[in-house]
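Take a look at the structure set out below.
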2 protein chains.
Amino acid sequence: MTSTIDEVNYTVRVKPSNPDACAAWQLLVRFFFTHRATLPPIAAELELSPAQCHVLHLIEPGRPIPMRELAETLACDASNVTGLVDRLESRGLVHRRPSPEDRRVRVLGLTPTGSRLRATLVARMAAPPQTLARLSVEDQRTLVRILRRLLES
Amino acid sequence: MTSTIDEVNYTVRVKPSNPDACAAWQLLVRFFFTHRATLPPIAAELELSPAQCHVLHLIEPGRPIPMRELAETLACDASNVTGLVDRLESRGLVHRRPSPEDRRVRVLGLTPTGSRLRATLVARMAAPPQTLARLSVEDQRTLVRILRRLLES
DNA sequence: TATTGTTATACTCTATAACTATA
DNA sequence: TATAGTTATAGAGTATAACAATA
């Protein structure tokens with residue numbers, strides 16, 4: 001376990017700069033951990049698993065996506081995506097279609113039913129938690145401005 | 001596809017209040033979804049599952065926690081916690097002890113090994129993503145200020 | 001009676017390894 | 001040879017229901 005302690009010290013040593021970024025990151029992690037519990041109930045309500053919600057969320061209407069890309073975005077193995085899509089497909093929410101350019105590739109799209117369910121999911125997830133809604137409008141706007149900057153980089 | 005558009009419009013119609021909070025929330029969700037993929041590799045590196053990381057993270061050194069409380073914080077069934085703790089306990093990271101006050105309750109604590117592993121985990125998660133580090137220091141500080149306000153409410 | 005935690009069960013999630021079919 | 005996806009397999013995560021011990 002010496003190596004473990006060394007590793008900790010190493011981390012601390014190489015990243016002493018940027019204390020504000022570290023503080024912000026810690027707070028963001030804590031905020032999301034606090035709200036992590038909101039997805040499972042929403043998923044259950046729609047008779048989906050949290051993982052299926054992620055997939056449905058990532059397949060945008062009218063924007064088919066190769067399975068490979070989905071696996072990369074989810075940071076999971078390709079075989080996992082096969083199973084996830086199998087279950088969504090058997091429920092008629094998603095379809096696989098061969099890519100015209102590369103016949104190895106399967107492109108995923110939403111069925112009309114899947115598209116409707118996705119819209120419901122997005123709507124159910126859109127409501128901000130009360131803590132966020134209770135911030136002053138000025139803080140909310142500042143937050144939006146900074147987060148936009150964060151996400152466009 | 002028409003129904004999808006209708007449903008989206010409906011959502012827009014019924015939640016026109018608090019547009020800034022909604023926008024902030026959407027951005028936060030997007031930010032975290034973008035960084036969601038960072039935990040599994042860190043977990044794998046420490047030979048833990050993501051769920052086990054959550055548990056380890058929630059058991060603070062010197063602050064024993066009843067299993068029931070853990071189940072509530074994780075928003076999962078108590079039987080699930082039994083399994084999670086079984087595996088952590090069999091690896092010598094966590095221990096169960098009967099509560100002196102209520103003999104139905106089992107209180108969880110970290111072993112020395114578990115405590116060290118938790119420290120490594122926390123250190124590995126502490127590094128902010130580059131996007132955050134690239135923000136101006138002023139934005140970082142503003143973000144910290146607002147997030148603190150958000151979390152103390 | 002109600003609550004804490006466990007067990008049994010069933011299903012989903014997940015990775016690894018071996019495979020097929022394309023490129 | 002390399003890549004996209006599948007299958008088989010094994011283990012972990014998860015909820016439900018039934019249960020024991022305790023309150």
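So you know, we letter chains A, B, ... as the sequences are listed, proteins then strands, and number each from 1.
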Separation of dC11(C) P from Glu47(A) CD (nearest whole Å): 15 Å

Donor-acceptor pair (no angle test) under 3.5 Å: Ser79(B) side chain, dT16(D) base: yes

side-chain N/O Ser49(B) vs dG13(D) OP1/OP2, d < 4.0 Å: yes

Nearest-Å distance for atom pair CG/P, residues Leu88(A) and dT12(C): 11 Å

Any donor-acceptor N/O pair under 3.5 Å between dT3(D) base and Arg104(A) side chain: yes

Ion pair check, Arg134(B) and Asp139(B), cut-off under 4.0 Å: no

Aromatic plane relationship, Phe31(A) with Trp25(B) - under 30° parallel, 30 to 60° tilted, over 60° perpendicular: perpendicular

Rounded interatomic separation in angstrom, taking CG from Leu48(B) and P from dA15(C): 15 Å

Salt bridge present between Asp86(A) and Arg96(A) (N-O < 4.0 angstrom): yes

Presence of salt bridge, Glu152(A) and Arg148(A), under 4.0 angstrom: no

Side chain of Leu84(B) - closest among dT14(C), dT4(C), dG13(D): dG13(D)

Rounded interatomic separation in angstrom, taking NE2 from His54(A) and P from dT12(C): 17 Å

Spacing between Arg103(A) atom CZ and dT22(C) atom P, to the nearest angstrom: 6 Å

Between dG5(C) (P) and Leu74(B) (CG): distance, integer Å: 13 Å

Geometric cation-pi criterion, Arg30(B) with Phe33(B): 6.0 Å, 45°: no

Arg87(B) vs dG13(D): side-chain N/O to OP1/OP2 distance below 4.0 Å: yes

Value in whole Å for how far the C1' atom of dG5(C) lies from CZ of Arg97(B): 18 Å

Phosphate-side-chain proximity, Thr82(B) and dT6(C), N/O vs OP1/OP2 below 4.0 Å: yes

Sugar-phosphate only, base, or nothing, as touched by Asn80(B) at under 4.0 Å among non-hydrogen atoms: base

Presence of Arg106(B) side-chain N/O under 4.0 Å of dG5(C) phosphate oxygens OP1/OP2: no

Atom pair distance, as rounded to whole Å: CD in Glu89(B) and P in dG5(C): 13 Å

DNA chain C: 5'-proximal contact among Asp86(B) and Asp102(B) (nearest heavy atom): Asp102(B)

